[in-house]
Amino acid sequence: LTELDDLIESKKPEFEHPELQGDIAKVFGRDQDALDYWMAAMETYPTPALVAKIGQTRIAANELELAREFLSDARGRQLLNDSGYGLLARLHLYDADYATAEALMAEAKENDAYSEALQLEHAIARFVAQDPQGARTLLQPLHSNVGEDDPVPDFLNRNPAAEEPDAEP
């Protein structure tokens with residue numbers, strides 16, 4: 001790792017790029033170093049992709065409040081892309097705050113940040129919120145991209161809320 005340290009800490013002009021230095025640190029599992037570099041990069045050139053990297057790394061480190069604060073601040077600065085919206089919505093789902101998660105999805109649509117990946121996140125949010133029909137509605141267009149001969153997965157045709165619980169023996 002000495003060579004990695006030399007590369008990351010290099011003062012050569014081609015490596016004076018904190019986002020790249022953070023990416024290199026992340027690849028080698030040095031998440032705190034990656035966060036330090038990425039936060040430095042945010043000061044000079046904030047981007048939605050950088051916001052998503054930081055948010056995802058904070059969530060992976062179980063720093064949920066720091067992630068929420070950071071992503072909420074980035075949202076106020078209009079720095080969320082589809083990944084950022086998905087991460088922030090997921091944090092609200094952890095707290096069973098379905099209304100805010102749904103509002104974030106609507107905002108992402110308004111801001112042209114609603115990708116197929118975010119649509120999948122949205123469907124997952126609907127499942128978590130006990131809205132399987134809403135999830136089905138969101139997944140159907142994604143499924144139609146797969147191929148006409150592919151059947152709709154069985155779980156999309158079920159409504160768990162309408163099913164009777166299994167009888168106890």
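This chain uses plain numbering: 1 for the first residue, then up along the sequence.
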Q) Which pairs with one or both residues in residues 43-72 pass ring-ring contact (aromatic ring centres under 6.0 Å, His included), sequence neighbours excluded? A) none
Q. Side-chain contact, heavy-atom cut-off 4.5 Å: L80 with P48?
A. no
Q | By salt bridge (charged side-chain N to carboxylate O under 4.0 Å, His left out) - contacts of R126 (at least two apart) | A | E102, D131
(Q) Checking T57 now: which residues fulfil side-chain contact (heavy atoms from CB on, under 4.5 Å) with it, not counting sequence neighbours? (A) K26, D31, L35, W38
**Q.** Distance, nearest 0.5 Å, that separates CG of N81 from CG of D112
**A.** 13.0 Å
Q: Give the intermediate values and the outcome of side chain to side chain contact (heavy atoms under 4.5 Å, CB included) for residues L138 and L120.
A: CA-CA 7 Å; L138 290 165; L120 182 57; over 6 Å; no
Q | P46 side chain reached by R77 side chain, heavy atoms, under 4.5 Å | A | yes
(Q) The criterion is side-chain contact (heavy atoms from CB on, under 4.5 Å); which residues satisfy it with D97, sequence neighbours excluded? (A) H92, A99, T100
Q) Which atom pair, heavy atoms only, marks the closest approach of A135 to A123? A) CB-O, 3.5 Å
Q | Single-linkage hydrophobic cluster, 4.5 Å side-chain cutoff, L118 and L104 together | A | yes
Q. Where is the tightest heavy-atom contact between A52 and L87, given as atom of each residue plus distance?
A. O-CD1, 3.6 Å
Q: Can you sort out the partners of D36 under side-chain hydrogen bond (donor to acceptor under 3.5 Å, both in side chains), two or more places apart, ordered by chain and number?
A: Q32
Q: Please report the closest heavy-atom contact between A89 and A101, naming both atoms and the distance.
A: O-CB, 3.9 Å
Q | Residue pair N111, Q78: steps toward the side chain to side chain contact (heavy atoms under 4.5 Å, CB included) verdict | A | CA-CA 9 Å; N111 292 331; Q78 299 181 351; over 6 Å; no
(Q) Just to verify, what does T137 make a side-chain hydrogen bond (donor to acceptor under 3.5 Å, both in side chains) with, not counting sequence neighbours? (A) none
Q: Can you sort out the partners of E110 under side-chain hydrogen bond (donor to acceptor under 3.5 Å, both in side chains), two or more places apart, ordered by chain and number?
A: none
Q) Are Y98 and Y94 connected in the hydrophobic side-chain network, where two residues link if heavy atoms are under 4.5 Å apart? A) no
Q. Can you tell me how far CG of L66 sits from CD1 of I59, rounded to the nearest 0.5 angstrom?
A. 11.0 Å
Q. Is a side-chain donor or acceptor of E121 paired with a backbone partner of R90 at a separation under 3.5 angstrom?
A. no
Q.
Taking salt bridge (charged side-chain N to carboxylate O under 4.0 Å, His left out) as the cut-off, I'd like each qualifying pair that reaches into residues 40-66, sequence neighbours left out, listed once.
A. E19-K53, D23-K53, R58-E63, E65-R68
Q: Determine the minimum heavy-atom distance between V51 and A74, stating which atoms define it.
A: CG1-CB, 3.6 Å
(Q) Tell me which pairs pass ring-ring contact (aromatic ring centres under 6.0 Å, His included) where either residue lies in residues 99-120, with sequence neighbours left out. (A) Y114-H122
Q: Report the distance from atom CG of D95 to atom CG of L91, rounding to the nearest 0.5 Å.
A: 8.0 Å
Q.
For S115, give me all partners under side-chain hydrogen bond (donor to acceptor under 3.5 Å, both in side chains), at least two apart in sequence or on another chain.
A. D82
(Q) Going by the rule side-chain contact (heavy atoms from CB on, under 4.5 Å), which residues pair with A113 if we only count those two or more places apart in sequence or in a different chain? (A) Y85, A108
Q: Indicate the atoms forming the closest heavy-atom contact of G55 with A67, along with that distance.
A: O-CB, 4.1 Å
**Q.** Considering all heavy atoms, the nearest L88-S72 contact
**A.** CD1-OG, 3.8 Å
Q: Using salt bridge (charged side-chain N to carboxylate O under 4.0 Å, His left out) as the criterion, list what pairs up with E69, not counting sequence neighbours.
A: none
Q: For the pair Q119 and L139, evaluate side chain to side chain contact (heavy atoms under 4.5 Å, CB included) and give the outcome as yes or no after the intermediate values.
A: CA-CA 8 Å; Q119 188 170 346; L139 289 173; over 6 Å; no
